[in-house]
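Only one structure is covered here, and it is reproduced in the block below.
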Amino acid sequence: MMNNEKRLDQEYWETQYKTNATGWDLGKVSPPIKEYIDTLENKNISILIPGCGNSHEAEYLVSQGFTNITLIDIAPSLVNKLQKKFKDYPNITIVLGDFFEHKGQYDLVIEQTFFCALPPTMREKYVVEMHKILKEKGLLVGLLFNKTFESGPPFGGNKAEYEQLFKDYFDFLKFDICYNSLKTRANSELFIEFQKK
């Protein structure tokens, strides 16, 4: 555990949700992720959203007919809220737990503010876990910050840094400055579509 930074554990995230300190929440599905979802033809692929938060992406996926969505988050009160919100949606599985202990195999992992919420010391572990959890040719798709922050979370970074981190495990299908970010995040996001090697 980090000693010079705050402990980003279950208690920390539980407090963020209980006090509504969720500044990262856009209140809707992020436009780049929405646009990507619109290109997916197979509605039966298995999809994981780690550190899922309020899960606007899951709502959108269900509205588009996707049938196999798993959400995982570490904050009990949030998971409780999601279980109520999605109680009539058999296509959504909600897991209270730590992504790094999660067992499963997925075709697609949607990355939306999970990577940047982790202490940078855990980034290598993140890459290894993502590789492990994806099926053959599985995809890691979403957004990474292309900026640095004074302190975190969120913790930022840049393309060169991410390239080094992911290159041994993934092929980069898309890895560019996002052209369709929300205004508040313009030029500060990279859109990624990484395929498991």
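Minimum interatomic distance between Gly156 and Tyr162 (heavy atoms only, all atoms of both residues): C-OH, 3.6 Å. The two atoms that bring Pro50 and Val109 nearest to each other are CD-CG1, 3.6 Å, heavy atoms only. In plain terms, the two heavy atoms of Gly53 and Leu82 that are nearest each other are O-CD1, 3.5 Å. The two residues Phe145 and Pro154 come nearest to each other via the heavy atoms CE1-CB, 3.9 Å.
Residues meeting the side-chain hydrogen bond (donor to acceptor under 3.5 Å, both in side chains) test with Tyr60, sequence neighbours left out: Asp38. With sequence neighbours left out, the salt bridge (Lys or Arg N to Asp or Glu O under 4.0 Å) criterion links Lys43 to no other residue. Contacts of Asn42 classified as side-chain contact (heavy atoms from CB on, under 4.5 Å), with partners at least two apart in sequence or in another chain: Asn44, Ile45. Remark: Lys197 engages Asp171 in a side-chain contact (heavy atoms from CB on, under 4.5 Å) (not counting sequence neighbours). Every residue two or more places apart in sequence or in another chain was checked for a ring pair (Phe, Tyr, Trp, His ring centres under 6.0 Å) with Phe66, and none qualifies. For Lys174, the salt bridge (Lys or Arg N to Asp or Glu O under 4.0 Å) partners are Glu193, not counting sequence neighbours. Scanning for side-chain contact (heavy atoms from CB on, under 4.5 Å) contacts around Asn180 gives Pro32, Glu35, Cys178, with sequence neighbours left out. For Thr93, the side-chain contact (heavy atoms from CB on, under 4.5 Å) partners are Thr70, Val95, not counting sequence neighbours. Shown here are the ring pair (Phe, Tyr, Trp, His ring centres under 6.0 Å) partners of Tyr89, two or more places apart in sequence or in another chain: Phe86.
Summarising the geometry, atom NZ belonging to Lys34 is positioned 14.5 Å from atom NE2 belonging to His56; distances are rounded to the nearest 0.5 Å. Rounded to the nearest 0.5 angstrom, Leu144 CG and Phe191 CZ are separated by 10.5 Å. Interatomic distance, Asp176 CG to Leu190 CG, rounded to the nearest 0.5 Å: 8.0 Å. Taking OG1 of Thr39 as the start and CD of Glu41 as the end, the distance is 8.0 Å to the nearest 0.5 Å. Rounding to the nearest 0.5 angstrom, the gap separating the CD1 atom in Ile47 from the CD1 atom in Ile110 is 5.5 Å. Between Cys52 atom SG and Ile69 atom CD1 the span is 11.5 Å, to the nearest 0.5 Å.
Classified by interplanar angle (parallel below 30°, tilted 30° to 60°, perpendicular above 60°), the ring pair Phe170/His131 is perpendicular.
Transitive grouping of hydrophobic side chains (ILVMFWY, heavy atoms separated by less than 4.5 Å) brings Leu173 and Ile37 into a common cluster. A chain of hydrophobic side-chain contacts below 4.5 Å, direct or via other Ile, Leu, Val, Met, Phe, Trp or Tyr residues, connects Leu165 to Ile177. Put simply, Val128 and Ile192 are part of the same group of oily side chains (I, L, V, M, F, W, Y) that touch within less than 4.5 Å, one to the next.
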Check: residues 98-108 side-chain donor-acceptor pairs under 3.5 Å, at least two apart:
residue, atom, partner, partner atom, Å
Asp98, OD1, Phe100, N, 2.8
His102, NE2, Tyr106, OH, 2.7
Gln105, NE2, Lys132, O, 2.7
Gln105, NE2, Ile133, O, 3.4
Asp107, OD2, Ser46, N, 2.8
Asp107, OD2, Ser46, OG, 3.0

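Taking 4.5 Å as the limit, every side-chain heavy atom of Ile49 sits out of range of all side-chain heavy atoms of Ser55. Within the 4.5 Å cutoff, the side chain of Phe194 has heavy atoms near those of the Phe175 side chain. In this structure, the side chains of Leu140 and Tyr169 stay at 4.5 Å or more apart for every pair of heavy atoms. At a threshold of 4.5 Å between non-hydrogen side-chain atoms, the residues Gln83 and Asn80 count as touching.
Residue pairs meeting the salt bridge (charged side-chain N to carboxylate O under 4.0 Å, His left out) criterion with at least one partner in residues 154-169, sequence neighbours excluded, are Arg123-Glu161. Here salt bridge (charged side-chain N to carboxylate O under 4.0 Å, His left out) pairs that include residues 44-71, with residues two or more places apart or in two chains, are Glu59-Lys85.
The backbone N or O of Leu61 lies less than 3.5 Å from no partner atom in the side chain of Ser63, so there is not a single donor-acceptor pair. No side-chain donor-acceptor contact under 3.5 Å links Asp73 to the backbone of Val79.
Taking the ring centroids of Tyr126 and Phe115, they lie under the 6.0 Å cut-off.
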